[in-house]
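Every chain is numbered from 1, with letters handed out A, B, ... down the list of sequences. Just so it is clear, the model here is predicted, and its values are computed rather than measured.
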Amino acid sequence: MQGFDRLHREVQRWIRDEGWTGLRPIQSRAIDTVLGGETDVIISAATAAGKTEAAFLPLLSRVAEREDEGLSILYVSPLKALINDQHRRLDGLCERLGLPAVRWHGDAPAGPKQRLLKTPAGVVFITPESIEALFLRRSAEVPRLFGRIDAVVIDELHAFLQGPRGLHLACLLRRIELATGQRPRRIGLSATLGDPVAASIWMNPTAPERVVLIEDAAAAINIHLQIRGYLEPNETCASRDGGEVEEPRTALDDIADHAFGVLRGDNHLFFASSRRNVEALADGLRLRSEAAAVPNEFFPHHGSLSRELRETLESRLKAAALPTTAVATTTLELGIDLGGVKSVAQLGAPRSLASLRQRLGRSGRRKGAPAILRVYVRERSLVGAAGPLDALRPETIRAVAAVRLLLQRYVEPPRSGVGLATVAIHQILSLIVERGGVSAGGLFNALCGAGPLVNLDRDLFLALLRGMGDPAVRLIEQAPDGQIMLGELGERLTSNREFYAIFDTDEEWTLRHGVRALGQIPISNVLFVGSVLAFAGRRWRVTGVDDRAKVLNVEPHRAGRLPLFERQSVEPLGDRLAQEMRSVYLSQDLPAYADPAATALLQEGRDAFAAYDLMRHAVLADGPDTHLLLWRGGAMNSVMAVALRAMGAETEVHDLGVTLAQTVPDRARALLESVAAQSPSVSDLSGYVANLSEAKFDAYAPPDVLRRLWEIRHGASVAELSKLAAGAAHAIDMAPPLHLHST
DNA sequence: GACCTGCTGCGGTATG
């Protein structure tokens with residue numbers, strides 16, 4: 001067994017006692033690297049390949065003989081449930097080596113934490129938020145607790161590569177180094193790395209080339225998959241006579257029928273995107289069990305359900321004594337080992353390959369067993385109110401495009417830079433609490449300079465500090481000697497326990513028409529006066545945006561119903577998936593993994609694409625509106641929408657592109673030509689984005705700073721605008737009349 | 001028509 005001999009004797013004994021017949025390839029390869037050097041390491045391998053042990057067997061071998069006081073290994077995880085899982089896996093081994101292994105998160109027992117503070121030793125399994133709490137409430141203990149760490153293990157590394165939480169953790173690790181004067185090596189674990197370079201930069205921003213990447217040898221993807229097509233029935237009114245209202249049958253009913261037939265009797269995961277879908281599907285499956293007089297084995301799992309309900313379901317899946325299907329949102333996508341899950345089903349086409357890969361990793365964990373994936377796709381009936389975007393059958397096309405990219409092993413790179421201002425504000429406040437007053441230079445050096453917030457240059461940093469000290473804000477204030485202290489609001493925020501996490505629990509915007517509040521909606525895309533959105537079954541035009549109060553003033557836009565194309569999308573699509581969709585339209589092959597209905601829908605989508613002449617044209621007339629189809633991801637579509645808005649158009653962003661409301665193709669062409677001719681710069685455009693604040697503390701940042709950060713993030717997209725607009729304007733034309741058949 | 005993630009310290013009372 002390669003590498004085995006170099007492990008600590010007690011670790012070797014533990015491996016034998018566990019009944020292992022050998023080390024996995026990734027484990028053998030990790031032993032030499034981890035035992036040998038002091039470098040940072042990324043271990044990237046499929047779920048259940050044994051990454052945890054690949055890191056811990058050599059790390060524990062190194063620290064087993066350590067005599068001096070001090071914590072040896074800091075393990076960080078994004079999930080409490082994962083901490084409990086990993087602790088369970090490693091506790092026995094640690095005990096045999098005489099090393100305490102302590103879980104440290106909000107629900108973990110307090111006793112072991114107290115003992116660890118008294119005598120730091122062994123391994124601690126912790127969340128970023130609990131590290132933050134240590135800095136805020138026990139800063140005096142930090143140097144002694146973390147002063148002798150050999151290695152920091154970051155589990156689910158990909159979860160920290162984009163968004164504010166990853167920046168937050170990077171700042172916390174940097175602050176541990178500053179507080180202790182040591183830089184422990186970092187070991188990252190991940191199953192889905194879209195961009196190893198980005199991961200290396202996160203691990204070691206000053207010397208990313210020195211991070212060693214240990215990747216699992218690319219085994220062939222062993223997968224059985226099927227795309228199943230379903231057509232929504234015609235939109236008909238339920239009969240009202242006789243007092244009984246019969247629910248019209250939907251595509252979801254047909255999907256539930258099929259799933260009930262194929263999933264009963266074993267363990268499966270069914271990902272259904274939204275809580276509403278999850279509840280509807282789980283309910284439909286339960287009703288079918290009742291109708292068939294068999295025990296129900298289908299249960300919902302999502303973030304609004306109590307922890308008790310969720311954990312009961314998780315243990316039922318793990319125990320595998322009773323057949324169980326969890327119908328879930330993304331809650332079961334990450335982390336904990338669910339045991340023998342036989343297949344994964346998904347409602348709707350995948351929106352990202354990173355997520356699809358992660359979900360697939362939950363099945364086929366048993367040696368030699370293939371992963372099984374079923375994608376259930378729904379499309380609209382073309383009878384009646386449907387429009388040309390429906391005729392393109394975008395869900396079916398996206399499902400095929402996603403499978404193609406899956407087989408190519410493509411994973412999206414992380415979207416960087418989100419939440420920079422928020423993390424800076426948060427960490428400035430936390431550093432002041434930790435140190436009891438800091439100079440502006442000290443703050444800059446800790447976070448920006450050689451720290452993780454490099455994109456915040458000196459000018460932006462000072463502008464941010466000035467904004468925080470504004471008498472109307474009072475997050476911070478400056479003592480006569482120049483030291484920066486907490487202001488009144490800073491005191492209040494940092495003393496609240498909601499301060500520990502860098503993310504907010506769902507912030508929703510209030511939609512207001514005159515004095516009347518229409519309700520609450522979450523908004524993730526760019527918004528400005530003139531945006532059109534759908535709510536409560538109507539279309540509304542935004543007439544005012546109050547970013548701080550999160551209020552949108554709206555007025556009715558057009559009389560009538562919801563727009564019929566795919567709505568302003570949620571998780572933005574990546575460029576590569578959008579491009580692959582175009583290539584699916586342009587090719588002829590009918591994949592064997594599509595069932596007859598999906599095959600028919602695929603063919604319909606291609607026929608429509610050809611009928612609209614979309615291989616040559618980027619625009620498509622639709623009644624009074626014009627669609628602009630760029631075959632780019634959400635980021636580029638949003639930037640194009642901002643540019644068109646700057647030229648005076650009313651726009652809406654969706655998965656297929658940008659829709660110009662109440663705009664005929666001639667005018668759309670003129671607008672695109674203006675964009676091409678004027679070639680707007682980022683600073684020309686950023687003023688048209690009204691909802692610049694998008695993370696927890698952004699509202700306390702000066703608008704100019706947020707604008708500048710938007711410009712930095714979107715500079716590359718804006719640089720492409722002019723060429724893209726010129727190309728789109730060039731081939732503009734009216735769509736020919738369409739004759740469509742309905743299946 | 002989004003989804004997910006996280007949480008200290010203290011004082012009171014009950015229990016073994």
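Residues satisfying the ring-ring contact (aromatic ring centres under 6.0 Å, His included) criterion with A:Tyr75, sequence neighbours excluded, are A:Phe125. Judged as a ring-ring contact (aromatic ring centres under 6.0 Å, His included), and not counting sequence neighbours, A:Phe160 has no contacts.
Rounding to whole angstrom units, NZ of residue A:Lys80 and P of B:dT5 are separated by 9 Å. Regarding A:Arg497, its CZ atom lies at a distance of 10 Å from the P atom of B:dC7, rounded to whole Å. As a whole-Å value, the separation of A:Leu134 CG from B:dT8 C1' is 10 Å. With rounding to whole Å, A:Leu347 atom CG is found 13 Å from B:dG1 atom P. With rounding to whole Å, A:Leu252 atom CG is found 13 Å from B:dG1 atom P. As rounded to whole Å, 9 Å separates atom P of B:dT8 from atom CG of A:Asp107. Atom CD of A:Gln346 and atom C1' of B:dA2 are 13 Å apart (whole Å). Rounded to whole Å, atom P of B:dT5 lies 10 Å from atom CG of A:Leu334.
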The contact string for nucleotides 9-16 of chain B, one letter per nucleotide 5' to 3', using protein heavy atoms under 4.0 Å with B, S and - for base, sugar-phosphate only and none, comes out as S-------
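Note on A:Ser130: a side-chain N or O is less than 4.0 Å away from OP1 or OP2 of B:dC7. When the side-chain nitrogen and oxygen atoms of A:Thr329 are compared with OP1 and OP2 of B:dA2, none of them lie within a distance under 4.0 Å. Between A:Arg359 and B:dC3, a side-chain N or O to OP1/OP2 separation shorter than 4.0 Å is absent.
Using a 4.0 Å heavy-atom distance criterion, A:Arg378 is classed as making no nucleic acid contact.
A:Thr422 and A:Asp698 share a side-chain donor-acceptor pair at under 3.5 Å.
Checked against the 6.0 Å centroid criterion, the rings of A:Phe499 and A:Phe697 qualify as a close aromatic pair.
Residue A:Glu488 qualifies as open at atom CD: its count of foreign heavy atoms under 6.0 Å is 12 or below.
Ring-to-base geometry places A:Phe503 in a stacked arrangement with B:dT5 (centre distance under 5.5 Å, plane angle under 30°).
With a 6.0 Å cutoff to the six-membered ring centre and a 45° limit on the axis angle, A:Arg316 does not count as a cation-pi contact of A:Phe299.
The NE2 atom of A:His426 sits 11.5 Å away from atom CG of A:Leu475, with the distance rounded to the nearest 0.5 Å.
DNA chain B is contacted by both A:Ser274 and A:Asn496; A:Ser274 maps to the nucleotide lying nearer its 5′ end (nearest heavy atom per residue).
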